[in-house]
Amino acid sequence: MTQLLEGLNPAQREAVEHVDGPLLILAGPGSGKTRVVTHRIAHLLSLGVPAWQILALTFTNKAAAEMRQRVERLAPGQRVWVSTFHRFGAKMLRQYADRVGLDPNYTIYDAGDARQTLKRVVESLKIPVMGYTPDRIAAAISKAKNRLIGPEEYKPRSGNPLSEIVAAVYPAYQQRLLASSAVDFDDLLLHIARLLHDDTELRKQLDERFRYVMVDEYQDTNRAQYVLLRALSVDYPNLAATGDPDQSIYGWRGADLNNILEFEQDYPGVKVVRLEQNYRSTPAILSVADTLIAHNKRRKPKSLFTENPDGLPVRLVTYADGDDEARSVAMAMEEAVKSGRRRWSDFAVFYRVNALSRTVERVFRKRQIPFQMVRGQEFYQRREIKDVLAYCQLMNNPKDDLAFERTVNSPPRGIGSKTVGRLADYAYRHGVSLLDAARDAPQVEGVTKRTAMLVGKFVALVDTLDAYAAGPAEEAVGAVLEHSGYRKHYGDSDSEEDLNRLANIEELLTDARQFDEAMAEEEDAEANLEAYLERTWLVNETDGWDDDTDKVTLMTLHAAKGLEFPVVFLLAVEDGILPHERSAADPTQLEEERRLAFVGITRAEQELQLSHALRRDYRGQRRIAIPSSFLMELPTGVMEVAQTAPTDELGLAPDELIGDWGDAPSEEVYRHEPAEPVAAPTPTATPTVGTAAALLGSGGLAAPRVSPDAFKVGMAVEHPELGVGKVLTLSGNGKGRRAAVVFPEHGEKRFVLAFSPLRPAGRP
DNA sequence: CCTCCATCGATTTTT
DNA sequence: TCGATGGAGG
């Protein structure tokens, strides 16, 4: 018990020792949040709380696994239920499936499956979509589900064409899911939340069972999750939520920032603990993060601090273009590794959009820098894998029409979309599944004798496979591989691609075997096909991201949440990319973009480099890139602003070029100057003057700008292109200070001084 | 029914 | 730029 509290700071200890009643842990980045939660669980156990009364919920499998492991270390052998929200929902739904009109062996559709289903529904309803893609409609339905709005309750808003379409499609979509005994990801939460909401008895029962509930990343909860947690915390309001409003980056997925902002109103008598000491980053990095996020309005102000020793200043670098950026980053890493200062795995490269990884990837490959890219989903998303799994799904749940459609003609066996369409008609009219319709193929209108025979063979195949449905996963997958004809189909082919596919399927076989073996070791784990399928649905490959191998990590900012690296490079901090153009117009979304930058910055332990380029090739177009407005919000005191020697336009002497153009030296940037003393972070300062804005002109030049305050009405000023002019008026303050200037040849022009290359005439 | 090419469109994506 | 998607032809 005392060891549990050892090494904790007072705030952490306070949280750990809290037992009954609601608890809100506002945990800044790197403040030891997971430590607190796991220690608190161990503490509860040490007080004699039975493990089965404790439930800990996370968003990712990775987080759940880590938490489980750490609890195990603190309290060996105690079986605390640590799970993702979705897995928890899935488990509950298995138990109460009939209550919502599902079979217990229901299928979980991933985003792709859900989209496919939606497409079918839209087609069959024949309603005009007015140019809305299935994705848009799916997103709208998802949003409704996240907000706990069921198909019956959804009301279109007049004047909103998308909502009219959704109102028509949503009920049919939901009906089709039910008919297939399937759910989408959102349903896993929706069904359970509604069940708890509607059934008082059940709610009471589960509230009592789960006396102590813990939630991680509470800032990312949506309405459904909120209701679920609320329902489990009425009679026993021992809900402990951890989170950080500043790290909420899933608003677009339905996360409701109000959940955390209003926690104190929702749970009267709540104890609030703030974890503000950061154990991860240098003062400079923390200062940059803190100053940036202070520009957000919707937040709970907090003062982050660290006792970590000073490190290098945060670097802000301007590159000529994306290639230059990637190459320079690569060279910096090479240099650090070669000198023995760093390992490859010390580095991470973050970017706002996946498309930006391409350049980096290419450069890294060429220079043979070992790296791993974290892309969401991968393995289970591959066509051949999905196909094989679809057979398993159909074995497990014969009503699964989507699995039927996927499998019926794969590998090709002469049953085309026409035939499936006829079967679907028949199925619809008789209210049966596609598989049952297939059983009646000879009676189905428009299906020829020959086709009926082919369909019959498929049905026979499914029946053969049925024998494996209850057995171990490996046998099921193996049976599919043999009987479906995939092995022959891919094995006989001499195309490289097909052989690769076969290899992937073999890999799936291995995966299934490993699952079986792992399950055999667990005490009460169910080692069957259904359990395996559930894992393939709810576990993605990102969870298998490897932090042991010595490789550079490349990922999006979203993927970076929850991780930390000694050295972080954040690329393309440019207008339209970060903040993303689609978010720029809406202040709420803009704040989320700022939080995204905050998350990225706070991943860095020792070194951080933010960069932007003057030109960016993006979507096949070359565009002039403007530095992100976020850069103007950063403190200069702890930063070092640099610029590479952009190959041509800055007039670099040819003899300074090493090899081809592709290898322009950039030591200018990476000459690690002795760490200049770094100022202590200024927690809630709202910087206006003296920010990086002063150092970054609109042209992205590193030359120091003139302070906006240096200008006076009537003053003669000089502009590099417009020549000399006279200041007519001045308005605003700080970085928002504007001037109107009249030029003899160009007339009157307006400038935002912090962003303009304007300077008093006669100065260099 | 399958395969090949034009056309379009394009954040982020814990589950 | 690249990929997914759909229409035409074999």
Side-chain angles (χ1 to χ4, degrees), chain A residues 57-65 83-90 108-115 119 131 133-136 138-139 142 145-146 183-190 216-217 219-222 224-225 247-255 322 350-356 358-359 362 374-378 380-381 383 409-420 451 454 534-543 545 555-563 572 576-584 589 592-593 595-597 599-600 616-623:
Chain A
L57 295 173
T58 66
F59 279 84
T60 67
N61 292 299
K62 192 176 164 61
S83 163
T84 63
F85 271 102
H86 291 264
R87 248 150 123 70
F88 174 77
I108 301 171
Y109 284 174
D110 68 19
D113 295 337
R115 205 179 110 263
K119 255 175 92 175
T133 61
D135 287 303
R136 286 288 301 280
S142 174
K145 286 187 173 183
N146 287 159
V183 299
D184 59 25
F185 283 142
D186 300 320
D187 284 339
L188 290 173
L189 305 173
L190 178 84
D216 198 20
E217 310 276 19
Q219 77 279 356
D220 286 330
T221 51
N222 60 34
Q225 285 154 336
Q247 292 185 63
S248 165
I249 55 175
Y250 284 99
W252 53 277
R253 285 283 277 104
F350 300 156
Y351 32 80
R352 173 66 238 262
V353 292
N354 279 122
L356 291 171
R358 210 177 286 281
T359 315
R362 203 182 51 234
V374 178
R375 275 165 293 159
Q377 336 154 320
E378 247 294 273
Y380 294 124
Q381 283 296 74
R383 238 246 324 256
N409 197 36
S410 171
R413 49 174 76 89
I415 307 170
S417 58
K418 270 271 168 52
T419 307
V420 175
T451 310
L454 292 170
E534 186 172 303
R535 203 195 58 146
T536 68
W537 294 325
L538 296 179
V539 176
N540 72 52
E541 212 189 11
T542 312
D543 300 318
W545 170 71
M555 56 170 68
T556 63
L557 285 168
H558 282 91
K561 196 173 74 165
L563 304 175
I577 293 179
L578 181 67
H580 195 272
E581 53 190 343
R582 306 262 275 240
S583 304
Q589 289 185 58
E592 181 152 313
E593 295 286 313
R595 291 195 292 267
L596 204 43
V599 166
R616 175 83 48 192
D617 292 330
Y618 188 50
R619 289 193 193 155
Q621 303 224 22
R622 169 159 298 187
R623 288 200 263 168

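Worth knowing before you read on, the calculation uses all heavy atoms, side chains too, and leaves out hydrogens, waters and symmetry mates. In this text, all values refer to a predicted model and were calculated from it rather than measured experimentally. Lettering follows sequence order; numbering is per chain, from 1.
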Colleague: Considering heavy-atom distances to DNA chain B, does A/P412 or A/L596 have its closest nucleotide positioned more toward the 5' end?
Modeller: A/P412
Colleague: Is it true that A/W252 and A/H558 have ring centroids separated by less than 6.0 Å?
Modeller: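 Yes, they do, as the ring centres are separated by less than 6.0 Å.
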Colleague: Just jot down the side-chain contact (heavy atoms from CB on, under 4.5 Å) partners of A/A63, sequence neighbours excluded, or say none.
Modeller: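 A/A63: side-chain contact (heavy atoms from CB on, under 4.5 Å) contacts with A/T58, A/T60, A/D216.
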Colleague: Considering only atom P, compute the distance from B/dT12 to C/dT5 and round it to an integer number of Å.
Modeller: 16 Å
Colleague: How many Å lie between CG on A/D135 and P on B/dT13, as a whole number?
Modeller: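 Whole-Å distance recorded here is 15 Å.
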Colleague: Nearest whole angstrom, please: distance from the P of B/dT14 to the CG of A/N146.
Modeller: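 To the nearest whole Å, that distance equals 14 Å.
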Colleague: Please report the closest heavy-atom contact between A/R115 and A/P134, naming both atoms and the distance.
Modeller: CG-CB, 4.2 Å
Colleague: Nearest-Å distance, CZ (A/F88) to P (B/dT15)?
Modeller: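 In whole Å, B/dT15 P lies 17 Å from A/F88 CZ.
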Colleague: Protein within reach of the bases, or only the backbone? For nucleotides 4-10 of chain C, mark each nucleotide 5' to 3' as B, S or -, using heavy atoms under 4.0 Å.
Modeller: -SS----
Colleague: From the set B/dT11, B/dT14, C/dG3, return the single nucleotide nearest to any side-chain atom of A/R358.
Modeller: C/dG3
Colleague: According to a strict under-4.0 Å criterion, is A/N354 in side-chain N/O contact with OP1 or OP2 of B/dT12?
Modeller: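 Looking at the OP1 and OP2 atoms of B/dT12, one of them is under 4.0 Å from a side-chain N or O of A/N354.
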Colleague: Taking atom C1' in both B/dT14 and C/dG3, compute the distance separating them and give it to the nearest angstrom.
Modeller: 25 Å
Colleague: Assuming nearest nucleotide by heavy-atom distance, tell me which of A/W537 and A/R619 is located more 5' along DNA chain B.
Modeller: A/R619
Colleague: Under the criterion of centre distance below 5.5 Å and interplanar angle below 30°, is A/H558 classified as stacked on the base of B/dT12?
Modeller: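 A/H558 vs B/dT12: stacking no.
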Colleague: Got a sec, which residues hit side-chain contact (heavy atoms from CB on, under 4.5 Å) with A/R622, two or more places apart in sequence or on another chain?
Modeller: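 Listed in chain order: A/R615, A/D617.
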